[in-house]
Q: 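One structure is given below, represented as structure tokens, and several questions about it will come after.
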Amino acid sequence: MKLSKMIATVLSITVLVNGNVFAATKKDTTLDIQTLDFETAVDMAITNDSSLKKIADQIDVTLETKEDLFDGGMRPGTPSQVVMVSAQRLAYLSNIHSLDSNYRISKITEDVTKIGIQAAIKNSFSTILLNQNRLELLQKNYNLQKQLLSQAKIKNKVGMMSKKDLEDLEREIQQMLEQIRQLKMNIDNAYIALNDLIGTSAEDRYDIIYDVEYEPLTMNMSIDTYISRKLSTDQSLQMQKIAVENTEFSVKTISLGTTGSEYRSTELEATNAARDYKTAKEEKEKSIRQAYIQLQQLESARKNLETDLEKAKSDLEKVKVNLQVGNVTQITLDQAALALDNLEYSFLENTFNHDLLMFTFDNTCVLGSAN
């Protein structure tokens with residue numbers, strides 16, 4: 001799977017919990033700040049997230065209801081035994097079991113939502129900053145191409161360049177203008193999405209403070225051991241495991257009036273839930289392995305970028321020397337500087353992508369399907 005697809009799956013956690021995890025409450029406010037850092041943005045998004053408020057309310061209600069119902073007596077049967085009780089007692093036990101499950105799911109959903117918000121902020125910040133850097137590069141390139149176009153027109157007049165080559169250059173410059181326009185729109189859309197996440201006006205604009213330090217992946221265990229540990233703690237899998245436990249409870253705790261047909265249907269639900277859980281674990285394992293491979297690829301690409309970056313710096317210094325002695329023109333220097341700028345952009349892109357992927361590799365609940 002390509003890196004862009006892997007990173008895009010970060011936001012797929014909304015499927016695991018509910019469709020409103022990142023649904024921000026619209027506010028008719030203006031952000032009264034000049035800068036925004038990562039921690040502040042995460043706090044604002046958590047405060048603004050309506051689903052977290054609903055989860056907190058649900059937890060309170062669940063605990064209060066459980067306190068009202070549970071008298072400390074008989075609990076549901078364990079998976080190793082079948083408990084046959086009256087319909088009235090089954091309703092009571094089912095209520096208690098449901099409250100236990102709802103509480104656990106609510107707590108897990110709360111954790112997953114907060115992790116998902118951090119991933120979303122990381123994605124928004126890196127998208128805006130990379131687009132802004134890309135825009136600056138495009139504008140530099142556009143200015144350089146305009147200078148080359150002026151030279152090309154002179155060459156065309158004296159017969160040193162064909163009309164077709166001149167028209168191709170003019171067409172490239174027009175395409176560059178369109179790319180600049182599209183990139184500005186992308187930046188606006190990224191700001192709108194971020195503002196929706198943190199609960200501010202769509203028109204708010206501010207400087208983003210996002211200092212990401214590159215830290216290569218270090219593993220003090222095998223990838224198989226790492227995956228095994230993550231599968232046992234992954235919150236999205238824990239929620240599916242609770243679904244399995246719920247169906248097992250229905251199989252092991254039945255009323256005296258349960259018919260054979262009803263029981264077989266309940267057994268089938270339990271079997272299917274167990275199959276779904278097994279499939280989910282297998283898919284999660286694939287996603288973790290692919291994230292591990294992607295991290296290695298990014299780190300390998302970074303080593304190549306470091307080499308290219310040093311060469312570009314050296315080339316730029318050589319051009320500066322040649323410019324001083326009149327061997328090259330200012331345009332040649334501008335081209336060398338732009339080449340260095342492009343490599344620095346690729347370096348920044350690598351840093352941001354690696355940071356986001358490291359976050360998801362550590363918080364596997366926001367890793368999507370490996371398909």
Q: Indicate whether any N or O donor in one side chain lies under 3.5 Å from an N or O acceptor in the other, for Ser162 and Asp165.
A: yes
Q: Show which residues join Ile209 in its hydrophobic cluster (side-chain heavy-atom contacts under 4.5 Å, direct or indirect), or state none.
A: none
Q: In terms of side-chain heavy atoms, does Ser222 have a donor or acceptor partner in Thr225 at a distance below 3.5 Å?
A: yes
Q: Is any NZ, NE, NH1 or NH2 atom of the basic residue among Glu285 and Arg289 found under 4.0 Å from an Asp or Glu carboxylate oxygen of the other?
A: yes
Q: Any side-chain heavy atom of Asn141 within less than 4.5 Å of one from Leu338?
A: yes
Q: Taking Phe352 as the fixed residue, which of Phe359, Tyr210, Phe125, Tyr345 is the one that meets the ring-ring contact (aromatic ring centres under 6.0 Å, His included) rule?
A: Tyr210
Q: Please work out which of the three classes, parallel, tilted or perpendicular, describes the rings of Tyr191 and Tyr206, given edges at 30° and 60°.
A: perpendicular
Q: For the atom pair NZ (Lys313) and CG (Asp308), what is the distance rounded to the nearest 0.5 Å?
A: 12.0 Å
Q: Mind listing the closest non-hydrogen atom pair of Leu356 and Ala119 along with its distance?
A: CD1-O, 4.0 Å
Q: Between Ile115 and Cys365, is any pair of side-chain heavy atoms under 4.5 Å apart?
A: yes
Q: Is any side-chain heavy atom of Ser314 closer than 4.5 Å to a side-chain heavy atom of Lys318?
A: yes
Q: Looking at Ser228 and Asp224, would you say the former's side chain and the latter's main chain have a donor-acceptor pair under 3.5 Å?
A: no
Q: With sequence neighbours left out, what residues match Tyr226 under ring-ring contact (aromatic ring centres under 6.0 Å, His included)?
A: Phe361
Q: Does the pair Ser287 and Thr364 meet the rule for a side chain to side chain contact (heavy atoms under 4.5 Å, CB included), with working shown?
A: CA-CA 9 Å; Ser287 293; Thr364 56; over 6 Å; no
Q: Please check: side-chain N/O of Glu262 versus main-chain N/O of Thr259, any donor-acceptor pairing under 3.5 Å?
A: yes
Q: Side chains of Gln151 and Ile331: closer than 4.5 Å at any heavy-atom pair?
A: yes
Q: Who clusters with Leu305? Use side-chain heavy atoms, under 4.5 angstrom, across I, L, V, M, F, W and Y, and order the result by chain and number.
A: Leu309, Leu316, Val319, Leu323, Val328, Leu333, Leu340, Leu343, Phe347
Q: By salt bridge (Lys or Arg N to Asp or Glu O under 4.0 Å), which residues pair with Asp43, not counting sequence neighbours?
A: none
Q: Any carboxylate oxygen within less than 4.0 angstrom of a Lys/Arg side-chain nitrogen, looking at Glu306 and Lys303?
A: no
Q: Do we see a donor-acceptor contact under 3.5 Å between the side chains of Ser101 and Asn246?
A: yes
Q: Rounded to the nearest 0.5 Å, how far does CD of Gln330 lie from CD of Gln335?
A: 10.5 Å
Q: Hey, does Tyr214 have a side-chain heavy atom less than 4.5 Å from the side chain of Arg302?
A: yes
Q: Between Ile121 and Ile192, is there shared hydrophobic-cluster membership here, with clusters defined by ILVMFWY side-chain heavy atoms closer than 4.5 Å?
A: no
Q: To the nearest 0.5 angstrom, please state how far the CG atom of Asn342 sits from the CZ atom of Arg134.
A: 6.0 Å
Q: Give the cluster check for Ile223 versus Leu357: same hydrophobic cluster or not, with ILVMFWY residues linked at side-chain heavy-atom distances below 4.5 Å.
A: yes
Q: May I ask you to test the Lys122-Gln118 pair for a side-chain heavy-atom distance under 4.5 Å?
A: no
Q: Would Leu148 end up clustered with Met160 when hydrophobic side chains under 4.5 Å apart are linked, directly or stepwise?
A: no
Q: Taking all atoms of both residues into account, what is the closest heavy-atom pair of Glu267 and Val251, and its distance?
A: CA-CG2, 3.9 Å
Q: Would you call Lys286 and Glu282 a salt bridge, taking side-chain N to carboxylate O under 4.0 Å as the test?
A: no
Q: Testing the 3.5 Å rule here: is there a donor-acceptor pair between the side chains of Asn272 and Tyr277?
A: no
Q: Looking at every heavy atom in both Ser236 and Lys284, which two are closest together, and how far apart are they?
A: OG-NZ, 3.4 Å
Q: Mind running side chain to side chain contact (heavy atoms under 4.5 Å, CB included) on Glu215 and Asp355 for me, showing each step along the way?
A: CA-CA 8 Å; Glu215 294 183 8; Asp355 175 71; over 6 Å; no
Q: Hey, is Lys311 close enough to Asp315 for a salt bridge, meaning N to O under 4.0 Å?
A: yes
Q: Could you list the residues that satisfy salt bridge (Lys or Arg N to Asp or Glu O under 4.0 Å) with Glu178, not counting sequence neighbours?
A: Arg181
Q: If we count only N and O atoms by modelled type, under 3.5 Å, do the side chains of Asn143 and Gln139 hold a donor and an acceptor together?
A: no
Q: Applying the 4.5 Å side-chain criterion to the ILVMFWY set and letting contacts propagate, would Leu231 and Met219 be lumped into a single cluster?
A: yes
Q: Could you tell me which non-hydrogen atom of Thr247 sits nearest to which non-hydrogen atom of Ala273, and how far apart they are?
A: OG1-CB, 3.8 Å
Q: Does Ile293 share a hydrophobic cluster with Met358, counting links as ILVMFWY side-chain heavy atoms below 4.5 Å and allowing steps through other members?
A: no
Q: Starting from the C-alpha separation in whole Å, work towards a yes-or-no answer on salt bridge (charged side-chain N to carboxylate O under 4.0 Å, His left out) for Lys164 and Asp168.
A: CA-CA 6 Å; Lys164 180 183 181 302; Asp168 287 344; 3.0 Å; yes
Q: Taking the side chain from Asp341 and the backbone from Leu137, do they hold a donor-acceptor pair closer than 3.5 Å?
A: no
Q: Quick check: do Asp204 and Ile198 have side-chain heavy atoms less than 4.5 Å from each other?
A: no
Q: Report the C-alpha distance between Ile242 and Gln238 in whole Å, list the side-chain angles of each, state the deciding distance to 0.1 Å, and finish with yes or no for side chain to side chain contact (heavy atoms under 4.5 Å, CB included).
A: CA-CA 6 Å; Ile242 292 173; Gln238 288 175 354; 5.6 Å; no
Q: Between the main-chain N or O of Leu129 and the side-chain N or O of Asn133, is there a donor-acceptor pair closer than 3.5 Å?
A: yes
Q: How long is the span from the NZ atom in Lys114 to the CD1 atom in Ile55, to the nearest 0.5 Å?
A: 9.0 Å
Q: Using 0.5 Å steps for rounding, measure from the NE2 atom of His354 to the CD atom of Glu299.
A: 3.5 Å
Q: Give the minimum heavy-atom separation between Ser201 and Asn195, together with the two atoms involved.
A: O-ND2, 3.0 Å
Q: When rounded to the nearest 0.5 angstrom, what distance separates CG in Asp57 from CG in Leu52?
A: 11.0 Å
Q: Compare every heavy atom of Ser232 with every heavy atom of Arg229, then report the nearest pair and how far apart it is.
A: O-OG, 2.7 Å
Q: Checking the side chain of Ser265 only, and the main-chain atoms of Ser261 only, is there a donor and an acceptor separated by less than 3.5 Å?
A: no
Q: Evaluate side chain to side chain contact (heavy atoms under 4.5 Å, CB included) for Leu194 paired with Ile208, printing each intermediate quantity in order.
A: CA-CA 11 Å; Leu194 176 59; Ile208 288 175; 4.2 Å; yes
Q: Measure the shortest side-chain to side-chain distance between Leu36 and Asp207 over non-hydrogen atoms and say whether it is less than 4.5 angstrom.
A: no
Q: Which residues satisfy the salt bridge (Lys or Arg N to Asp or Glu O under 4.0 Å) test with Lys230, sequence neighbours excluded?
A: Asp362
Q: So, are Arg205 and Asp188 salt-bridged, with charged N and O less than 4.0 Å apart?
A: yes
Q: Please determine whether a side-chain nitrogen of the Lys or Arg among Asp100 and Arg104 lies less than 4.0 Å from a carboxylate oxygen of the Asp or Glu.
A: no
